[in-house]
Amino acid sequence: MSIFIDNSTTVIVQGITGRDGSFHAKQMMEYGTKIVAGVTPGKGGQKFEDKVPVFNTVAEAMKATNANTSVIYVPPMYAADAILEAADAGVKFIVAITEGVPVLDMTRVYPFVKEKGARLLGPNCPGLITPGQSKVGIIPGRICTPGPVGVVSRSGTLTYEVVYQLTRAGLGQTTCVGIGGDPINGTNVIDCLAAFEKDPATKVVCMMGEIGGTDEQEAAEFVKKNMKKPVVGFIAGQTAPPGRRMGHAGAIISGSAGTAAEKIQAFKDAGMGVAQRPLDFVELVRARLK
Amino acid sequence: MSIFIDNSTTVIVQGITGRDGSFHAKQMMEYGTKIVAGVTPGKGGQKFEDKVPVFNTVAEAMKATNANTSVIYVPPMYAADAILEAADAGVKFIVAITEGVPVLDMTRVYPFVKEKGARLLGPNCPGLITPGQSKVGIIPGRICTPGPVGVVSRSGTLTYEVVYQLTRAGLGQTTCVGIGGDPINGTNVIDCLAAFEKDPATKVVCMMGEIGGTDEQEAAEFVKKNMKKPVVGFIAGQTAPPGRRMGHAGAIISGSAGTAAEKIQAFKDAGMGVAQRPLDFVELVRARLK
Amino acid sequence: MNIHEYQAKEIFRAAGIPIPPGEVATTPAEAEAIAKKFGGTVVVKAQVHAGGRGKAGGVKLAKTPQEAREVADKILKLHIKDLPVQKVLVTPAADIASEAYVGIIVDRARKKAVFMVSPAGGIDIEEVAAKTPEKIMYHPVDARYGLMDFEAQQMGFFLYKDAKQARAAASIMKQLYQAFVKSGASLAEINPLVVTPKGEVLALDAKMVVDDNELDRHPEIAKLRDESAEAPSEVQARNANLTFIKLDGNVGCVVNGAGLAMATMDLVKYYGGEPANFLDIGGSSNPEKVVNALKIITADPNVKAILFNIFGGITRTDDVANGIVTATKQNPLKVPIVIRLTGTNEEIAMKILQDNGFSASSDMDEAVKKAVELATKGGKAA
Amino acid sequence: MNIHEYQAKEIFRAAGIPIPPGEVATTPAEAEAIAKKFGGTVVVKAQVHAGGRGKAGGVKLAKTPQEAREVADKILKLHIKDLPVQKVLVTPAADIASEAYVGIIVDRARKKAVFMVSPAGGIDIEEVAAKTPEKIMYHPVDARYGLMDFEAQQMGFFLYKDAKQARAAASIMKQLYQAFVKSGASLAEINPLVVTPKGEVLALDAKMVVDDNELDRHPEIAKLRDESAEAPSEVQARNANLTFIKLDGNVGCVVNGAGLAMATMDLVKYYGGEPANFLDIGGSSNPEKVVNALKIITADPNVKAILFNIFGGITRTDDVANGIVTATKQNPLKVPIVIRLTGTNEEIAMKILQDNGFSASSDMDEAVKKAVELATKGGKAA
């Protein structure tokens, strides 16, 4: 079992002939992900890697394949339109990897996706992986292994770091989800926590947050009220100064809001385990699996 | 019993200090309609006719009165905004009398009202009346009398004509609704038919349509499939030439679509009574009440 | 409100749509001069508010300036659907590899603006819809989001397989939608949208109808109105705030409300007559309006009898009665008049009419029957 | 991207917002000349990308041109939050009857642009929020509909009881929203919005922050960037496509990914050190980026040790290793370096480093501990 994707997931790659899109499409195919179509306007009729049919529009790709998922690797100025196109064509799970999507674009994309009844993950996220079944996005497959731990994070490489430590310690994962570091994204931490709570295979959840916003505080509230499974949390940016954006557009402390200290306090108040360093996840998770 | 309004209806008049608004507010009050507030930006704090409090915004009026209905008499360029404001403030039934609302405004208004879960009647409509209980709009009260006939029409004075004939013949009405003659309006014939079908007091329904569009054809289909109560129909514009707009923005025959002949045929196919002249309603209704 | 092709082209050009140059001539000599300036073959096109210009001989090729003068002379003498041609547009003839159709209308069923696009352009889209409906793509636009890029692209690929052409068409559709919304249009059309042998995508024709209700908001569009290109009686009616449509019968009708006006015309027909017009004096009438209405109706020599049908609601019937009295004093009627009045201030109205020698009924059928009879057999009511 | 007050004012003015005139001076003499031109009392305001200008002495009144020269001289010598003041804006002083606040920000929780308006203007809005939260109205804008007229009017009436002033403010809010969207802003602010004794509503200050991700779409905005008003190391980093924030510690950090970069800084602190910076080399690194990163970090005299923490995913660790080798050959390091690499092409990277005399670890904690130790006690790794 897992959340959001598994071996029944069928994927359209938007931007499949681009530099990033083609590289990661191959990586996903090697991992075993069922890539059923690609989309690049003007390249309709071609075959990617002699196997995957390429279409001019997502609507055509959907008509031919009825995929349930799409993953987006198009340049930032076109990413919002690609998400709208996927949702309009009836794709139910849309993973937007692209970094640098204007936030005002997302204020239009978000309600559209919602109206269409689709789920968006990202943008500016590494995607997700259900080890041994499917990966959609860019998380390196070899650092993961199947097991009982659910992982959700706002960051890319920090997720890798934690997953890598878990895997090295023999602690496999149900699904690892990177929700992305942008201020407006499609799926938040709570959505993932709720899904993990429902997933019978997940026994413990690791949550890597960061400074900025109130997502983690709300997540902690959710854990307290709605979750029976144990959750271990971490906040990156304990040493970050206020008012400076730490790379991620969302990682900025505004006034007294969004500090690491208040988030960690919220975790503690919710009875969660708190990792001070990425390495701490190993022992905290192990203790909760016993 | 009745549809949409009755003696529990409480009404906000938007544009209450204007020429039309003040005239009809008085008329409604005289008829017994519960006018609880008026709105005119900049006139907040005044009292209309020494009785009705006037507010600057609908939000304020709603906070003070929690009315369930509003009626709009503002100039055409501001009418769309007035509808949006009412829906946003939580008014559940909005009656827009204003004629001349740009149709592109309505393409934005319609989905907004729907999202807010409100019902819009009009624009460019005479409103509605539940004889003896409440009138919202401009239908002359004295031509109506309570009774078992439901009336729905796209037109103003044509409705009066038919209601007048019915009343003279002793055939009273549950509710008379004018949905308006614009191409895009909030409530269509089917919405009214469905409501009349559910209203136990209504025994027979009169429907006055006109050329243009396919509302009446769809209504006939609805009658055939979903109504047990008898319906009598009439189409105005049998002599209208194609391609010319007959006053109402919606009353235009495009190509072979929207002619009176095809609409009358649809009525016949649905087993409805067909009035060739307004006067015919009297005998057709009387026969169906026996 | 209709605007001319050359006016629509200016609006489309301002929105960025690629359109070959063109200039307007009102005389054959001007047409010749413009053709000379452009050089090569030109197209001379009647600027008139009527469809089917081509079939009516209103669009002609001219290979030389002399020929442009000749065809302009012929076209400027035409009447197309009763409307005189007073201007022609002269444009260089384009080489055409293919013709497509792109249009936007407001669709009442979908409650949205809807794109209609077809790779079968250059002909009447209704003909395409009737014969080869699979060649039309309908695309409703959600006004909340506007025309999204991917939607324009989908339509572009429906028109053209070539990605460059599809993208060019998508961009034109975005621009057309902008122009449509910005102008408060109810229709905007490019027919044909052509691809040249070099692969350029160009709009060769332009049509736009503006929602009358938007004109207060768009004074720059409102002043494009060309009253000389409209039927004089309709211009007169509009300036008097009346809605008037001329028809071919002999019973002149004055009614309040569009639905009742249509029903009255129908009843004229029902009783064996033919209505001479649709005329709605609207909701808030005043005596002045009635005077103007009578002026317009009596100007039609076909009218043999005049029928008033007024159901007073907002309209005060005494206002209407006063209008009738004033108008007939100013210009005594040469045809009989039949008056039906009921509703607001009916008693006062009846008294006014009686005091001035008119009779009136409160029954619609009775009044219509009488008017038909008078128009058909001649005679005098009132 | 921050822009200056005078630049934001130009954008707001173009959107129709009423703003008194103003001109920019870079010297005291220019300030004097401008003050002379305007006549009367002027305000001289530091143009600098930092809040709290007033408290820092960056905003002064001047009653005469001579006084304008003097205060400009003082202000142009200031550093506000480490940034030198290089320009001042000189504007006529306005008579003020009341001050309000109007701002728009993108709110992550509501996933919308949100208006914040308050009749308590002229001071820091965070102070108002903390002390008198009832004086702030928050109004989220649905991007699908834009700011609707009635919404602007509601906010107008929240600011002013007078209907004329409320309408004027509503109109300014519509214009501000247009400017905000059209510029791709993430923040737009008028503080104060004033009413003059005559009842005019005017914007006396203007602030706008533009979303960096929008700059490709708005070249006219992108060129407003004033690099002379930014920290030189951050300008250098941005031009090299790196994300860099200078901090006060002594351990220079080079990391891939924002989250891991923050976690690395935190771990430095955990093991008793202080990070000298945040530096993210991003996803698709190349050796050139590493070279630039090292240049920027070694330019900071506080840095006593350098820590690389690279988790290869999209980033190839051999690229990073090659970058380190190239950079240190060009400019030999004067401080010790500690390298942690794991992930894509890890084995190749390790070999490259060993061949060039560097050692590297694959364990994050070990590497951080070592770097802190070296920075604190001195010594040499590699």
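Owing to the predicted nature of the structure, the values given are computational and were not obtained by experimental measurement. Atoms considered below: every heavy atom in the structure, side chains included; atoms not considered: hydrogens, waters and symmetry mates.
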>> Using heavy-atom distances under 4.5 Å, tell me whether D/Ala261 contacts chain A through its side chain, its backbone, both, or neither.
In response: neither

>> Is D/Leu279 in contact with chain A via its backbone, its side chain, both, or neither, using a 4.5 Å heavy-atom distance?
In response: neither

> Checking A/Ile143 against chain D: side chain, backbone, both or neither under 4.5 Å from a heavy atom?
Replying inline: side chain

>> Which heavy atom of A/Pro183 sits nearest to which heavy atom of D/Arg108, and what is that distance?
In response: O-CB, 3.2 Å

> So which of D/Ile245, D/Asp216, D/Asn309, D/Val181 has the largest heavy-atom pair count under 4.5 angstrom toward chain A?
Replying inline: D/Ile245

>> What's the separation between atom NZ in A/Lys114 and atom NZ in D/Lys111, rounded to the nearest 0.5 Å?
In response: 9.0 Å

>> Can you give me the closest heavy-atom contact between D/Gly184 and A/Leu104, atom names plus distance?
In response: CA-CD1, 4.1 Å

> Between A/Tyr164, A/Phe23, A/Phe112, which has the largest tally of heavy atom pairs under 4.5 Å with chain D?
Replying inline: A/Tyr164

>> For D/Glu189, is the CD atom crowded, meaning more than 12 foreign heavy atoms sit under 6.0 Å from it?
In response: yes

> Quick check: are there more than 12 heavy atoms from other residues, nucleotides or ligands sitting under 6.0 Å from CG of D/Asp82?
Replying inline: no

> chain A heavy atoms under 4.5 Å from D/Phe180: which part of the residue, side chain, backbone, both or neither?
Replying inline: both

>> Taking CZ in A/Phe222 as the centre, count heavy atoms belonging to other residues, nucleotides or ligands within less than 6.0 Å. Is the count above 12?
In response: yes

> When rounded to the nearest 0.5 angstrom, what is the spacing between OH in A/Tyr160 and OG1 in D/Thr342?
Replying inline: 13.0 Å

> Among A/Gly212, A/Pro278, A/Pro241, who wins on heavy-atom pairs under 4.5 Å with chain D?
Replying inline: A/Gly212

> Side chain, backbone, both or neither: which part of A/Asn188 has a non-hydrogen atom closer than 4.5 Å to chain D?
Replying inline: neither

> When heavy-atom pairs shorter than 4.5 Å are enumerated against chain A, which of D/Lys112, D/Glu274, D/Met364, D/Arg110 gives the highest number?
Replying inline: D/Met364

> Between D/Thr264 and chain A, which part of the residue has a heavy atom less than 4.5 Å away: side chain, backbone, both or neither?
Replying inline: neither

> With respect to chain D, which residue among A/Ser155, A/Gly237, A/Pro140 yields the maximal number of heavy-atom pairs within a distance under 4.5 Å?
Replying inline: A/Gly237

> Distance-only, no hydrogens or angles: does the A/Thr157 side chain make a donor-acceptor pair with backbone N or O of D/Asn256 under 3.5 Å?
Replying inline: yes

>> As an exercise, state the distance from OG1 of A/Thr239 to OH of D/Tyr270, rounded to the nearest 0.5 Å.
In response: 14.5 Å

> For the residue pair A/Pro102 and D/Arg217, what are the closest heavy atoms and their distance?
Replying inline: CG-NH1, 3.8 Å

> So how far is it from D/Asn213 CG to A/Asp105 CG, rounded to the nearest 0.5 Å?
Replying inline: 9.0 Å

> So which of A/Glu161, A/Gln238, A/Met77 has the largest heavy-atom pair count under 4.5 angstrom toward chain D?
Replying inline: A/Glu161

>> Quick check on the interface: out of A/Arg142, A/Arg108, A/Glu210, A/Gln276, who has the most heavy-atom pairs with chain D under 4.5 Å?
In response: A/Arg142

> Using non-hydrogen atoms only, which part of D/Tyr145 is less than 4.5 Å away from chain A: side chain, backbone, both, or neither?
Replying inline: neither

> By a 4.5 Å heavy-atom criterion (distance strictly below it), what part of A/Tyr110 contacts chain D: side chain, backbone, both, or neither?
Replying inline: side chain

> Among A/Ile211, A/Leu158, A/Val101, which residue forms the greatest number of heavy-atom pairs with chain D at distances under 4.5 Å?
Replying inline: A/Leu158

>> As an exercise: rank D/Val106, D/Asp266, D/Thr243 by heavy-atom pairs under 4.5 Å with chain A and give me the winner.
In response: D/Asp266

> For D/Asp248, is it the side chain, the backbone, both, or neither that has a heavy atom closer than 4.5 Å to a heavy atom of chain A?
Replying inline: neither

